[in-house]
Amino acid sequence: MAANKKLLILPGDGIGPEVMREVRRVIDWMDRRRMVTFDVSEDYVGGASIDARGAPITDNCMQAAKDADAILFGSVGGPKWDGIGFDKRPEVAILRLRKELDLFANLRPAIVFDPLVDASTLKADVIRGLDIMIVRESTGGIYFGEPRGVETMANGEKRGFDTETYTTSEIERVARVGFELARKRGNKLCSVEKANVMQSGLFWRQTVTALQKAEYPDVELSHMYADNCAMQLVRNPRQFDVIVTSNIFGDLLSDLASMLTGSLGMLPSATLGAVQPSGKRHALYEPIHGSAPDIAGKGVANPLAQILSFAMLLRYSFEMNEDADLIEKACVNVLGSGLRTADIMGPGTARVGTGVMGESILRELEKLSA
Ligand code: NAD
């Protein structure tokens, strides 16, 4: 029996608790069938925490997040809390988690599952079999760089400004995540910046090149300007394996890449912190979709992005690759059988709700592991 792994579950608001319920069923199934026991604790976060505890995330919850081996997050926010001041809004919960756990590497896979190849706006021939990973630096760069602000100049005109800034260690730590991932996949890393027009971009390129020479000579490294990368992602996305890039370019490129797959309800993500001396690494896993207040409480949300986020958690926090593969395969097979939640309906498919989709995954897990 493997040692217990500490898992903190934060379902959040809207459809968060609905889709998380289906993950809990997968966890229970693993407890019963796969001889893995998780120490699962659960807490309020976001609007639910504001209602229950008066803050989007409490200090107790933050401590539990620091103690956990991995965090599975739902989504936060909704119209009920829209009028609240900026620093007390539900979204503060995720920002505080990212900041205090120093979660600097955001991993966004863009995978096209065969049964959903027609859900994309791109031609099936371009995206069939797509499996790429975008690593976005998520705690530095222009979103946080100083100086920033709006000032009035001597001539009375106003000027707004932000600063793109990266240190050697900030670039190296996120590039290492990219190199390590590449080693476990197709062994190709593409580093993306604007070295042609930005000093910080040139510095990024030189730093990644030096790191490859020193630590990852076995990984094939290429460089690409961010504007070309956006074009290439649409023209021929399968040329990529792992992409590593800065906060702002990653923000844009990962949204672009996720839409290659065509469905918000299918897309997981991970955000990783640094490996600590103890060997532990903070990590938070969440679907990329929000709390979908328009469908909350109706039992129609697609639970697959949340379930696939759990599969990522198994893979990247616990190295339980076989179990992650099993869950991903169960999702593909259920989609292949023609069952669909409303968001991914296509011709000739059968519409099911959140609970039936979850049950079907469990049945498929049973079948695959029989
Ligand atoms: P959203 O992702 O919640 O919804 C966009 C559209 O996609 C909606 O029509 C919704 O019904 C649909 N959708 C999303 N997930 C789905 C699923 N699993 N199954 C079926 N359909 C799904 O984005 P939004 O409407 O812009 O934001 C709603 C709230 O979520 C806002 O308060 C926003 O701030 C918050 N949000 C939170 C996070 C987070 O917690 N990390 C991320 C994005 C948005």
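These values consider heavy atoms only, across backbone and side chains, with no hydrogens, waters or symmetry-generated copies. Atoms within each ligand, like the ligands themselves, are counted from 1 in listed order.
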Between Asp31 and Arg24 (salt bridge meaning N to carboxylate O under 4.0 Å), is one present in this structure? no

Ligand 1 contact on Val76 by region, counting heavy-atom pairs under 4.0 Å: both

Where on Pro293 is there a heavy atom closer than 4.0 Å to ligand 1, on the side chain, on the backbone, on both, or on neither? side chain

Test of understanding: given a 4.0 Å heavy-atom threshold, classify the contact between Asn302 and ligand 1 as side chain, backbone, both, or neither. both

Taking Arg25 first and then Glu359, would you say they form a salt bridge - that is, a charged N and a carboxylate O separated by under 4.0 Å? yes

Heavy-atom nearest neighbour in the protein, as seen from atom 41 (N) of ligand 1, with distance rounded to 0.1 Å: Glu286 OE1, 3.3 Å

Any idea which protein heavy atom is nearest atom 29 (C) of ligand 1, and the distance to it? Ser291 OG, 3.2 Å

re atom 22 (C) of ligand 1, the protein heavy-atom contact at minimum distance is Ile295 CD1, 4.0 Å

Salt bridge between Lys298 and Glu18, side-chain N to carboxylate O under 4.0 Å? no

Would you tell me which option among His289, Glu18, Arg89, Glu91 has the nearest heavy-atom contact to atom 34 (O) of ligand 1? Glu91

Thr341 touching ligand 1 at heavy-atom level, < 4.0 angstrom: no

Take Phe161 and Glu151 through the side chain to side chain contact (heavy atoms under 4.5 Å, CB included) test and state the conclusion after the steps. CA-CA 8 Å; Phe161 54 98; Glu151 66 182 13; 3.8 Å; yes

Can a donor-acceptor pair be found between the side chains of His289 and Gln306 at a distance below 3.5 Å? no

Provide, to 0.1 Å, the distance between atom 44 (C) of ligand 1 and the closest protein heavy atom, together with that atom's residue and name. Gly290 CA, 3.4 Å

With heavy atoms under 4.0 Å as the rule, classify the contact between Gln306 and ligand 1 as side chain, backbone, both or neither. neither

Can you find an N or O of Ala301 that's nearer than 3.5 Å to an N or O of ligand 1? no

Please list the nearest protein heavy atom to atom 3 (O) of ligand 1 with its residue and the distance rounded to 0.1 Å. Ala292 N, 2.8 Å

Of the listed options Leu284, Leu95, Asp294, closest to atom 10 (C) of ligand 1 (non-hydrogen atoms): Asp294

Looking only at non-hydrogen atoms, the one of Ile15, Leu267, Val19 nearest atom 16 (C) of ligand 1 is Ile15

